[in-house]
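Please read the structure below before turning to the comments.
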Amino acid sequence: MANYSVLASHSQGKSEVDKIFGVNQAANEKAKIVGKENIINATIGAFLDAKGKLITLPTVEEVMRSLPFDELANYAPISGLPEFIEAAIDFTFQEYRPKAYIKGIATPGGTGAIHHAIWNYTEEGDTYLTHDWYWSPYKTMARETLRKLDTFKTFDENNNFNVQDCLRKVTELAQVQRNVLLIINSPAHNPTGYSLEYEEWESVVNGLKELAQSKKNNLILFVDVAYLDFAPPGSRKFFQLFNDLPENIFVIVGFSMSKGYTMYGYRSGCMIGVSSSESVINEFQAANQFSNRGTWSNGTRSAMRVLAEIHKSPALTEKVNKEREEYRLALEERAKIFTAEAKEIGLEVSPYKAGYFIIVPTTKPDEVALKLQEDNIFLVAMASGVRVAICAIATEKIPGMATKIKKAIDALEG
Ligand SMILES: Cc1ncc(COP(=O)(O)O)c(C=O)c1O
């Protein structure tokens with residue numbers, strides 16, 4: 001008898017295996033046999049210290065604990081606390097705030113912002129675009145919202161951002177759809193660690209402006225900056241390219257408190273709209289506030305309050321930035337050790353610049369990941385590479401890793 005289902009037709013077949021959870025489980029099982037100290041568990045997408053404990057920013061915790069519980073536990077306004085939105089906008093753009101109408105809507109993490117961008121700026125059945133190395137929930141959300149995801153090549157032959165392929169795909173899609181949503185995750189891209197250079201951003205924006213001239217399309221650029229605070233100083237300059245855009249290019253920046261404020265589970269982010277048109281920004285606010293009400297209602301007040309408190313005190317802001325900078329440099333150090341060894345032994349890795357992950361391309365990702373488990377190295381296999389979560393491993397465990405990965409690849413790829 002065929003499996004009986006009570007799901008509505010549009011939800012038939014929806015399921016997803018949590019690969020990371022599975023590999024992490026395998027690492028924990030092996031740790032019971034060989035000892036935790038002998039395991040390299042580079043699976044988890046959270047920043048961990050040398051003992052495998054979640055790194056949190058002490059000042060963020062202090063601020064949270066200083067607030068009365070009835071303030072933390074209360075509802076937030078549907079669109080978010082106004083002082084939180086102001087803080088999110090300010091912390092995102094800093095000195096590079098675009099000259100434009102800018103408004104924000106609080107969402108549960110950056111995920112909520114991506115969801116609303118897809119839902120409110122593409123039609124049912126439409127396709128939206130991102131790079132071919134991408135954070136897999138982009139695709140989950142396409143299935144969830146009855147849209148499709150298509151990709152362009154992330155890198156060109158010199159391992160630079162493939163502006164040409166990106167614009168080619170946007171142009172092609174613009175011929176069959178009125179609204180074209182393009183998601184770019186930079187700086188500190190998950191999973192390659194790439195950040196677009198200012199000039200690359202300039203070329204993307206100029207290409208979009210050219211395409212916008214005919215007025216046949218609306219071009220929606222979603223900039224996913226989930227890892228912005230783990231990119232080096234100077235990484236915000238590209239925001240100034242969003243000055244004075246034509247009204248049919250609409251930019252949405254997805255701010256997240258998960259990584260930058262180590263508040264992953266608090267589910268707090270902000271969808272920031274940037275437009276030269278007052279009506280576009282007003283409808284942005286109205287439609288996305290409506291979507292908040294129609295999905296998860298309001299976001300987490302405690303997280304919003306914490307960001308607002310930090311923002312209103314320059315001393316707290318400085319403390320948080322200093323604490324985070326220390327951890328950012330530690331992450332940079334981990335990456336340096338890994339990439340230097342890779343270079344020395346001739347292991348190809350993604351053009352890492354910043355962030356939580358590095359990719360090692362391979363044609364046999366599943367096999368390579370499995371083989372490395374024999375060496376007590378646990379990585380997540382992706383479509384055409386293995387993902388090394390340097391955010392999750394102690395600095396002293398990194399030397400030798402690249403060599404073992406190369407050995408596994410050489411053995412399996414032949
Ligand atoms: C590329 C990317 N975008 C967005 C997010 C959103 O995270 P959150 O919803 O926790 O803010 C993540 C989290 O892992 C991510 O990796």
Side-chain angles (χ1 to χ4, degrees), residues 16 18-21 24 42-48 54-57 60 80 84 87-88 91-92 104-119 128-142 144 149 151 154 161 181-196 221-231 235 252-272 288 291-292 295-296 299-300 302-304 306-307 331 350 352-359 380 382-383 387-392:
E16 203 169 57
D18 188 346
K19 239 182 176 174
I20 299 175
F21 182 81
N24 186 43
T43 58
I44 302 291
F47 197 2
L48 309 181
L54 187 75
I55 287 175
T56 54
L57 300 179
V60 170
F84 162 76
F91 284 152
T92 298
I105 292 284
T107 52
T111 306
I114 301 161
H115 171 272
H116 281 358
I118 297 165
W119 183 248
Y128 56 91
L129 295 171
T130 196
H131 10 68
D132 58 1
W133 285 109
Y134 63 90
W135 184 53
S136 66
Y138 289 168
K139 182 140 195 186
T140 312
M141 283 189 255
E144 183 62 17
L149 177 69
T151 59
T154 314
F161 187 73
L181 169 64
L182 167 66
I183 303 176
I184 295 184
N185 173 210
S186 180
H189 174 246
N190 173 5
T192 66
Y194 191 73
S195 303
L196 270 75
L221 172 62
F222 188 99
V223 191
D224 183 346
V225 296
Y227 298 85
L228 176 63
D229 288 315
F230 285 93
S235 300
I252 304 169
V253 180
F255 165 83
S256 165
M257 286 187 74
S258 299
K259 281 86 184 171
Y261 295 83
T262 61
M263 293 192 78
Y264 309 82
Y266 276 91
R267 311 307 306 133
S268 184
C270 189
M271 178 183 198
I272 303 172
N288 291 294
S291 290
N292 268 2
T295 47
W296 41 73
T300 311
S302 56
M304 291 186 211
V306 165
L307 197 77
L331 190 62
S350 55
Y352 178 93
K353 295 188 183 176
Y356 279 28
F357 309 104
I358 300 173
I359 284 287
V380 175
M382 305 207 45
R387 187 186 82 164
V388 183
I390 48 155
C391 57

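One-based numbering, in listed order, for ligands and for the atoms of each.
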For the [atom1] atom of [X] and the [atom2] atom of [Y], what is their distance to the nearest 0.5 Å?
X: Trp296; Y: Ser291; atom1: CH2; atom2: OG; answer: 7.5 Å
X: Tyr266; Y: Leu307; atom1: OH; atom2: CG; answer: 13.5 Å
X: Leu181; Y: Ile252; atom1: CG; atom2: CD1; answer: 7.0 Å

Ligand 1 contacted by His189 (non-hydrogen, < 4.0 Å)
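Contact absent.
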Using heavy atoms and a 4.0 Å limit, tell me yes or no: is Tyr227 in contact with ligand 1?
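A heavy atom of Tyr227 does come that close to ligand 1.
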For ligand 1, does [X] get within less than 4.0 Å through its side chain, its backbone, both, or neither, judged by non-hydrogen atoms?
X: Met257; value: neither
X: Lys259; value: side chain
X: Thr111; value: both
X: Tyr264; value: neither

Heavy-atom closest pair, residues [X] and [Y]:
X: Arg387; Y: Thr43; value: NH2-O, 2.8 Å
X: Thr262; Y: Ile55; value: CG2-O, 3.4 Å
X: Phe255; Y: Thr92; value: CD1-OG1, 3.2 Å
X: Tyr261; Y: Asp229; value: CE1-OD2, 4.0 Å

Would you say Asn190 has any N or O atom under 3.5 Å from an N or O of ligand 1, going by distance alone?
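Yes - when backbone and side-chain N and O of Asn190 are compared with those of ligand 1, one distance drops under 3.5 Å.
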Contacting atoms of ligand 1, where contact means under 4.0 angstrom from a heavy atom of [X]:
X: Asp224; result: 1 (C), 2 (C), 3 (N), 4 (C)
X: Arg267; result: 8 (P), 9 (O), 10 (O)
X: Ser256; result: 8 (P), 11 (O)
X: Gly109; result: 8 (P), 9 (O), 11 (O)
X: Ser258; result: 8 (P), 10 (O), 11 (O)
X: Asn185; result: 1 (C)

If only side-chain N and O atoms count, and only distance matters, is there a donor-acceptor pair under 3.5 Å linking His189 with Asp224?
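Asp224 vs His189: no donor-acceptor pair found between side chains.
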From the options Phe255, Trp135, Phe357, Tyr138, select the one whose nearest heavy atom is closest to atom 15 (C) of ligand 1.
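Going through Phe255, Trp135, Phe357, Tyr138 one by one, Trp135 has the nearest heavy atom to atom 15 (C) of ligand 1.
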CH2 (Trp135) with more than 12 external heavy atoms under 6.0 Å
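More than 12 heavy atoms, drawn from other residues, nucleotides or ligands, come within 6.0 Å of this atom.
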